[in-house]
There are 2 protein chains.
Amino acid sequence: MNFEEGLKQNGLKITPQRVAILKEIQRRGHATIEEIYEDILKEYPSISLATIYKNIISLCEADLVKEVKVSLQKQRYEINCGEHAHIVCTECGKLEDIEFGMESFYHNAMITRYIQPSFVSMTIYGKCNQCLKE
Amino acid sequence: MNFEEGLKQNGLKITPQRVAILKEIQRRGHATIEEIYEDILKEYPSISLATIYKNIISLCEADLVKEVKVSLQKQRYEINCGEHAHIVCTECGKLEDIEFGMESFYHNAMITRYIQPSFVSMTIYGKCNQCLKE
DNA sequence: CTACATGCAAATTTTTTGCATTACA
DNA sequence: TGTAATGCAAAAAATTTGCATGTAG
């Protein structure tokens, strides 16, 4: 994904901080605020936590970044690039992406990487009838 | 669900605070910490926020209560009674339960209550191969 | 140039902890 | 009666805000 392009298309200025945040999220796959901050600090000692927070909000609003909420874990963020499911280890917390196909994901989860998926969390987002009317 | 029984089976003492928390979560369906606290305060002016937090942890560990994480919303809690999916309005934030059947949920979501589900979030929990070995 | 973004410090909000007291079993 | 739970106050962690300064376009 071209970050500069994505920022421009959403009316967000291309700043080195923003690009660094996006790169860091991409590098990690799924990053917490703290992880993003700590890592960017190394090459960018002046960056502020407030900048991370403010940008995460802008980037989520622009749909360049998506929240990943996992049970018992801190909120994470990922680059928004195509729908996929997540697979989480209930022991070590490892979080991975997995192809999102209605028929295949159970199979995929069981055979290739995890055994005995114990619980599936699914949430569907959309406009409810009432909000559609308004 | 019989709350007293559930508590007993998990070695948790039956206190009026605990029962009030469970009842409040059940009444609301999906409640935030703040909602639970505010409502219980009315009939229980001495209850402490710390008690709510401590109990939510115990109740989740005992699997009597489950976290519900929804994008852009505060964490909520629900009584753990059978697997189901969630359906969330992206406009007003309304959160509802929906039957969890692989083939039927899209249909269910579209026809009965929501139109044009715009995004599905799915997370599968289970032990990864590495953790199974250990 | 001008509007938006950054960084700092302070303020808020959220969650956790320690400890004395209370109450369930 | 002993152990676990409660409630308070204080501490720690997470997030937000205001404002002066800097910078991308």
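Throughout, a chain's letter reflects where its sequence line sits, starting with A, and its residues are numbered from 1.
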Decide yes or no for [X] and [Y]: does some side-chain heavy atom of the first lie under 4.5 Å from some side-chain heavy atom of the second?
X: Val19(B); Y: Glu4(B); result: yes
X: Leu72(B); Y: Thr90(B); result: no
X: Val70(B); Y: Lys69(A); result: no
X: Ile14(B); Y: Phe3(B); result: no

Do the side chains of Arg28(A) and Glu24(A) get close enough for a salt bridge, i.e. N-O under 4.0 angstrom?
yes
To the nearest 0.5 Å, what is the distance between [atom1] on [X] and [atom2] on [Y]?
X: Ile52(A); Y: Leu59(A); atom1: CD1; atom2: CG; answer: 10.0 Å
X: Glu35(A); Y: Ile25(A); atom1: CD; atom2: CD1; answer: 10.5 Å
X: Leu22(A); Y: Ile56(A); atom1: CG; atom2: CD1; answer: 8.0 Å

Would you kindly give the [atom1]-to-[atom2] distance between [X] and [N], to the nearest whole Å?
X: Tyr37(A); N: dA13(D); atom1: OH; atom2: C1'; answer: 14 Å
X: Ile36(B); N: dT6(D); atom1: CD1; atom2: P; answer: 14 Å
X: Leu59(B); N: dT6(D); atom1: CG; atom2: C1'; answer: 14 Å
X: Asn55(A); N: dT15(D); atom1: CG; atom2: C1'; answer: 15 Å
X: Glu34(B); N: dT13(C); atom1: CD; atom2: P; answer: 10 Å
X: Leu7(B); N: dA4(D); atom1: CG; atom2: C1'; answer: 13 Å
X: Ile33(B); N: dT14(C); atom1: CD1; atom2: C1'; answer: 10 Å
X: Asn10(A); N: dA5(C); atom1: CG; atom2: P; answer: 11 Å

Which atom of [X] lies closest to which atom of [Y], heavy atoms considered:
X: Cys131(B); Y: Glu91(A); result: SG-CB, 3.5 Å
X: Leu7(B); Y: Lys13(B); result: CD1-O, 4.3 Å
X: Val88(A); Y: Gly93(A); result: CG1-O, 4.2 Å

Does a sphere of radius 6.0 Å around NZ in Lys23(B) hold more than 12 heavy atoms from other residues, nucleotides or ligands, not counting ones at 6.0 Å or beyond?
no
Any Lys74(B) side-chain nitrogen or oxygen under 4.0 Å from OP1 or OP2 of dT14(C)
yes
How sharply is the helix from dC1(C)-dG25(D) to dA25(C)-dT1(D) bent, taking the axes over five pairs at either end and rounding to 10 degrees?
50°
Under 3.5 Å between N/O atoms: give me all the protein pairs with nucleotides 23-25 of chain D, atom names plus distance.
{"residue": "dG25(D)", "atom": "OP1", "partner": "Ile14(A)", "partner atom": "N", "Å": "3.2"}

Of all residues at least two apart in sequence or in a different chain, which pass the side-chain contact (heavy atoms from CB on, under 4.5 Å) check with Glu61(A)?
Ile57(A)
Using nucleotides 16-20 of chain C, report all nitrogen or oxygen pairs with the protein that are shorter than 3.5 Å.
{"residue": "dG18(C)", "atom": "O6", "partner": "Lys54(B)", "partner atom": "NZ", "Å": "3.1"}

Hey, which sits more toward the 5' end of DNA chain C by its nearest nucleotide, Thr51(A) or Gln17(B)?
Thr51(A)
Give me each pair satisfying ring pair (Phe, Tyr, Trp, His ring centres under 6.0 Å) with a member in residues 10-38 of chain B, each pair once, sequence neighbours excluded.
His30(B)-His86(B)
Can you pull out the residues from residues 39-46 of chain B that lie within a 4.0 Å heavy-atom distance of DNA chain C?
none
